[in-house]
Amino acid sequence: MPKQIFTEIQSKKLKKLGILNSLDLLLHIPLRYVDETKIDLIKDIRPGSMCQIEAKIISIEVSYRPRKNLTVYVQDVSGDLKLRFINFYSSQIKQFKEGKILRVYGEIKSNSFLFEMVHPKYEFISIDTPLKDFYTPVYPATEGLSQKLIFKLVQKVFKQENLKEQYPDYFGNLYREKNLPSLLEALELIHKPSKEYEKELFDKKKSIFHQRVIYDELLTHQFFFRGKYHENKSYKSKAILYSDSIQKKFLNNLEFKLTNQQQSVFLEIRNDINQSYPMYRLLQGDVGSGKTVVAVMAALQAINSGFQVAFMAPTEILAEQHFEKLNYWLTKLGIHVELLTGSMKPKLKNISYEKIKSGEAKLIVGTHALIQEKVDYKNIGFYIIDEQHRFGVRQRVALKKKSESNKDFEPHQLMMSATPIPRTLAMNYFADMDISIINEMPPGRQTITTKVFSSDKRSQILDTINQHCLNGNQIYWVCPLIEESETLQLETAEQTFIDLSKYFVKHKVGLIHGRLPSNDKKEIMERFKKNKTQILVATTVIEVGVDIPNATLMVIENAERMGLSQLHQLRGRIGRGDKKSICILLYKKKLSDIAKQRLKVIYENIDGFKIAEEDLKLRGPGELLGLRQSGLPSLRIADLDRDHELLNIAKIDADFLLEKKPKDVSMHVNRWHRNYQDVGRS
Ligand code: ADP
Ligand code: MG
């Protein structure tokens, strides 16, 4: 570690920027560049533009009212200009002497009849001080670490001996084929671009030098994910055979016909689990697109081949709901379905454990409880993880450990997600899995009409609610999400419950929220399902997966506070049957621009993939994918939006290099990202 090139104080400050060594510093890429390579004449300058002027000091003025102000009048061959300083030291006043020559850089303003620069960057020069022949980088900086110092330290790193030996290019041919410069050359020019280049390309990080570094980073990223992908195929699994007769039996009993996409996705899964290495597949499909039945068909295959299947859901409500449905479907086929959730009474839990251990339980539906140490499967062959995005990425690690009980064989894994991610992004970003997509709805669905109201129109909605109830339908009233305080959210929910109960004497109102004991939740959902309550006031706990086709109206309060995918998920709770449904979004004035855009997107679109695309535009991929919470390595320089073409290329190259040059790959990864080493591998 060439630590000695920074002083101790410098190291401390650099650490604040996440810079721990000299490579980190070199990868601390300028935000933009300033053009100090030419001098503008005062007569040519225009307000709003950034200019560099070389001029002589004519006079100085210090005033203290209305506030401290230092004005320096300067002149070049073409005209006069005012420089103004509001915060200044008395030593600065002395610096500015009549007749001295200054080079100043800044934005031109037109506050008075003379153009002026406020707090320009300035430098005293002699008449023959040469101009810079490179664009000046502007870095992300921090207190006590000036632009000048960062620049100086970066240049110091480049002057080190043996730099080339330290940072060789591992895939020289590949870069040459693509006409990309070497890493060091690229970095050198990024930090000090010669004025021959077009500045805009550098500002936009589109220069060939930026491209090289970005490509390197994306390559690292793909090595990580594709590496996992290939590694996955090196594990052993038991192949699950397809049985036509069991599927026929199941489908004959089913109350509907599969859509084409459900069939083709099942085919993909069926082929995957027939291999002797584990399936690792993500099934994406909009809320209500019918993912469950596909998963069940795959589960049937596994059970028929003698394996146990675990079906994991993120919440107890959802687990119980799945249990009911799967139990209903599979008992007909003589298959034992078992429930296991954290809140079950110890006695019942123990009975479940026993049945899981003995192998009597074939399909086990549950929550996180399914992967806890206490669970001892007799013969687990297949995990299904519903609403995978709720679990986070690390879950997979936990599953793998669990499967050690099965020693030499990995269970297959199917993950399902109703947070659609645009296809290309998913394919490239989740490059460690295979991806299936359902993007059609089962036939006969009524589309949902979405309405947007300001919340002062709340009372008008009560009529609509009444009408829906009289028609025998049911209503969700979703209370505002109050991020700062769950208690506050609860209070509003309780108040709304009281208000609505008073108002609707003839209809029954229920209340559900996250703090209730799970048995109460279950009972409340049960009553709602059986239409014993008509109006259900809820916090956002109902977001995931609840399936009650008779619910035709949803009111969402403070919709402006919610993210697009959350709104979309919530709205997906209605329009599940064949009745026309309405979603009313209430918002509080006044709306921010981004909130307005979000409501517009949700108002205009019903297709989750389309919404995800819009979301991507509004938020960018990092946030959309929840990268910050996911524990996935984040990108330092590359930007999935800006650089998606390079990402495509990197994915293909990564596959090739992983196979042909595994040693170089690991050195490249080591160099690039210490982050990548401690993620995902336990
Ligand atoms: P999601 O993809 O959101 O998990 P579900 O699997 O819960 O959706 O399916 C939503 C509803 O649609 C369920 O009631 C399910 O039984 C029903 N369903 C699924 N496939 C079809 C189909 N092909 N035709 C009609 N109804 C279907
Ligand atoms: Mg579902």
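Every number for a ligand or one of its atoms is a count from 1 in the order of the listing.
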Could you tell me, atom by atom, which parts of ligand 1 come under 4.0 Å of a heavy atom of Lys325? 13 (C), 14 (O), 15 (C), 16 (O)

Is the closest heavy atom of Glu255 to ligand 1 under 4.0 Å? no

With heavy atoms and a 4.0 Å threshold, my read on which part of Lys257 contacts ligand 1 is backbone

Heavy-atom check, side chain of Asp434 versus side chain of Met279, under 4.5 Å: no

In terms of its nearest heavy atom to atom 2 (O) of ligand 1, the top option of Glu440, Lys291, Gln284 is Lys291

Distance flag, aromatic centroids of Tyr383 and His412, threshold under 6.0 Å: no

List the atom pairs, donor and acceptor, that lie under 3.5 Å between side-chain atoms in residues 522-533 and the rest of the protein, sequence neighbours left out.
{"unit_1": "Asn531", "atom_1": "OD1", "unit_2": "Gln534", "atom_2": "NE2", "d": "3.3"}

Under a 4.0 angstrom heavy-atom cut-off, which atoms of ligand 1 come close to Thr292? 4 (O), 5 (P), 6 (O), 7 (O)

Which of the ligand 1 atoms, numbered from 1, are nearer than 4.0 Å to a heavy atom of Val287: 3 (O)

Please confirm whether Trp329 comes within less than 3.5 Å of ligand 1 when only nitrogen or oxygen atoms on both sides are compared. no

Between ligand 1 and Val293, is the shortest N or O to N or O distance under 3.5 Å? no

Quick one: does Ser289 get a heavy atom under 4.0 Å from ligand 1? yes

By side chain to side chain donor-acceptor pair (under 3.5 Å) - contacts of Asn605 (at least two apart): none

What do the steps show when you test Asn379 against Tyr377 for side chain to side chain donor-acceptor pair (under 3.5 Å), and what is the final call? CA-CA 5 Å; Asn379 190 13; Tyr377 294 96; over 6 Å; no

Could you see which bit of Asp386 sits under 4.0 Å from ligand 1, with heavy atoms only: side chain, backbone, both or neither? neither

Before signing off on this row, confirm whether Phe256 and ligand 1 have an N or O atom pair separated by under 3.5 Å. no

Taking atom types as modelled, find out whether Gln247 and Gln301 have a side-chain donor-acceptor pair closer than 3.5 angstrom. yes

Under 4.0 Å from ligand 1, counting heavy atoms only, is it the side chain of Ile438, its backbone, both or neither? neither

Can you name the one residue among Phe323, Tyr328, Phe311, Trp329 that meets side chain to side chain contact (heavy atoms under 4.5 Å, CB included) with Val337? Phe323

Do the side chains of Lys451 and Leu585 get nearer than 4.5 Å, heavy atoms only? no

Hey, does Gly285 sit under 4.0 Å from ligand 1 if you only count heavy atoms? no

Ile475 side chain reached by Phe504 side chain, heavy atoms, under 4.5 Å: no

Distance filter under 4.0 Å to Thr259 heavy atoms, resulting ligand 1 atoms: 23 (N)

